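Letters go in sequence order (proteins before strands), and every chain restarts at 1. All values derive from a computational prediction rather than experimental measurement.
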Amino acid sequence: MASFDSSDSETLREQSNHKKRRKIGHHTAADHNSAAAAVPWRSDAEQRIYSRRLVEALRRTPLSPARPRAAGQVRETADRVLAVAARGRTRWSRAILARRRKLWTHHEKAKKAPRNGLKRTTERTNRLPAVQKKTRVLSRLVPGCQKISFPNLLEEAMDYISALEMQVRAMSAIAELLSAAEPRRPESPAAR
Amino acid sequence: MSTRRSRSRQQSRVSTEITDAQITDLVSKLQQLIPELRARRSDKVSASKVLQETCNYIKNLHREVDDLSDRLSQLLATTDSNSAQAAIIRSLLM
């Protein structure tokens, strides 16, 4: 088989999923006019829905008595609920959801051919070693984006940043509500 | 599927070629998202700087989420579960 390019991996994923999804970098005339495909991370409604789902999910999660483990559980839950809110439109969100599903691991292993995603560009700047190095760092910070093209990486990063900002706003608000709701009790050994 | 690939090969000149202008546009859009760089003019900030600050910003956001997760895990452990959390969900619905 000839080497895969990034559009092939997308094809593979699209075939394995029943929902029809647009690649985030696939621009059509309609996209430029409407932001229909993008999730409104800045909207109050979106944050309220996320907060509610997060609290519900946390209530269902039996938290470990060990504090570091419990914090990890909260983080995982918060990330998962955030990824669901993305409605499958972005690679980073699908990667987060895939973390818990072994089915995806098999797909990852099947795609062994090297890809030139990051080099597929005409911009001279992108060939500078400094830019390439930072691009690689960025690709590791955004989930599931290590082998995609530079433009797609930037688009994923933008959406991911907006989502993370909402996550921070929502979790801060929930923490404030929880601190306010709980009258300060004297510390008892059983509480820890 | 070979048909999909051969079709994209024919269109490759149109659909997969990425222009310099597209890249510049994306980099400046990204710059607008980064608080550190928002105020500066796009032509004064290099792509390298934008990428650098983007990475820093995401790392900071991750750290904030970790801290908040820790704080929430503590609050959830000490809060009287049903009444306080029910009150919170109610207020989140409004």
Q) Which distance, rounded to the nearest 0.5 Å, do you find between the CG of A:Asp79 and the NE2 of B:His62? A) 7.0 Å

**Q.** B:Val27 versus chain A, the contacting section by heavy-atom distance below 4.5 Å
**A.** both

Q.
Give me the atom names and distance for the closest heavy-atom approach of B:Ser48 to A:Ala130.
A. OG-CB, 4.3 Å

Q: Report yes if the side chains of A:Leu177 and B:Ser91 come closer than 4.5 Å at any heavy-atom pair, otherwise no.
A: yes

Q: Output the distance between atom CD1 (B:Ile23) and atom OG (A:Ser149), rounded to the nearest 0.5 Å.
A: 8.0 Å

**Q.** chain B contact via A:Ile174 - side chain, backbone, both or neither, heavy atoms under 4.5 Å
**A.** both

Q.
Rounded at 0.5 Å granularity, tell me how far CG in B:Asn56 sits from NZ in A:Lys134.
A. 9.5 Å

Q. Does A:Leu154 reach the side chain of B:Leu51, with side-chain heavy atoms less than 4.5 Å apart?
A. yes

Q. Around B:Glu36, counting heavy atoms of other residues, nucleotides and ligands shown, do more than 12 lie under 6.0 Å from its CD?
A. no

Q: Looking only at non-hydrogen atoms, find the nearest pair between B:Lys59 and A:Leu141 and report the distance.
A: CG-CD2, 3.9 Å

Q) What distance separates B:Leu76 CG from A:Thr61 OG1, expressed to the nearest 0.5 Å? A) 9.0 Å

Q. Considering residues, nucleotides and ligands other than A:Asp44, do more than 12 of their heavy atoms fall under 6.0 Å from its CG?
A. no

Q | From B:Ser69 atom OG to A:Glu76 atom CD, the distance as rounded to the nearest 0.5 Å | A | 9.5 Å

Q.
Looking at every heavy atom in both B:Leu33 and A:Glu165, which two are closest together, and how far apart are they?
A. O-OE2, 4.1 Å

Q: Group every Ile, Leu, Val, Met, Phe, Trp and Tyr by side-chain heavy-atom contacts under 4.5 Å, then state whether A:Val81 and A:Ile49 land in the same group.
A: no

Q) Which bit of A:Leu58 is near chain B, if near means a heavy-atom gap under 4.5 Å: side chain, backbone, both or neither? A) side chain

(Q) Show me the pairs that pass salt bridge (charged side-chain N to carboxylate O under 4.0 Å, His left out) and involve residues 168-178 of chain A, at least two apart or across chains. (A) A:Glu176-B:Arg71

Q: Sequence neighbours left out, what pairs pass ring-ring contact (aromatic ring centres under 6.0 Å, His included) with at least one residue falling in residues 66-96 of chain A?
A: A:Trp92-A:Tyr160

Q. More than 12 heavy atoms of other residues, nucleotides or ligands under 6.0 Å from CZ of B:Arg38: is that the case?
A. yes

Q | Over 12 foreign heavy atoms within 6.0 Å of CZ, A:Arg80 | A | yes

(Q) Apply side chain to side chain contact (heavy atoms under 4.5 Å, CB included) to residues A:Gln167 and B:Leu68 and explain how you reach the verdict. (A) CA-CA 10 Å; A:Gln167 187 179 38; B:Leu68 283 165; over 6 Å; no

Q.
Quick check for you: to the nearest 0.5 Å, what is the distance between B:Asp66 atom CG and A:Met171 atom CE?
A. 8.5 Å

Q) Quick one: what part of B:Lys49 sits under 4.5 Å from any heavy atom of chain A, side chain, backbone, both or neither? A) neither

(Q) Same cluster or not: B:Val45 versus A:Ile161, using hydrophobic residues (I, L, V, M, F, W, Y) connected whenever any side-chain heavy atoms lie under 4.5 Å apart? (A) yes

**Q.** Region of A:Ala78 that comes under 4.5 Å of a non-hydrogen atom in chain B
**A.** neither

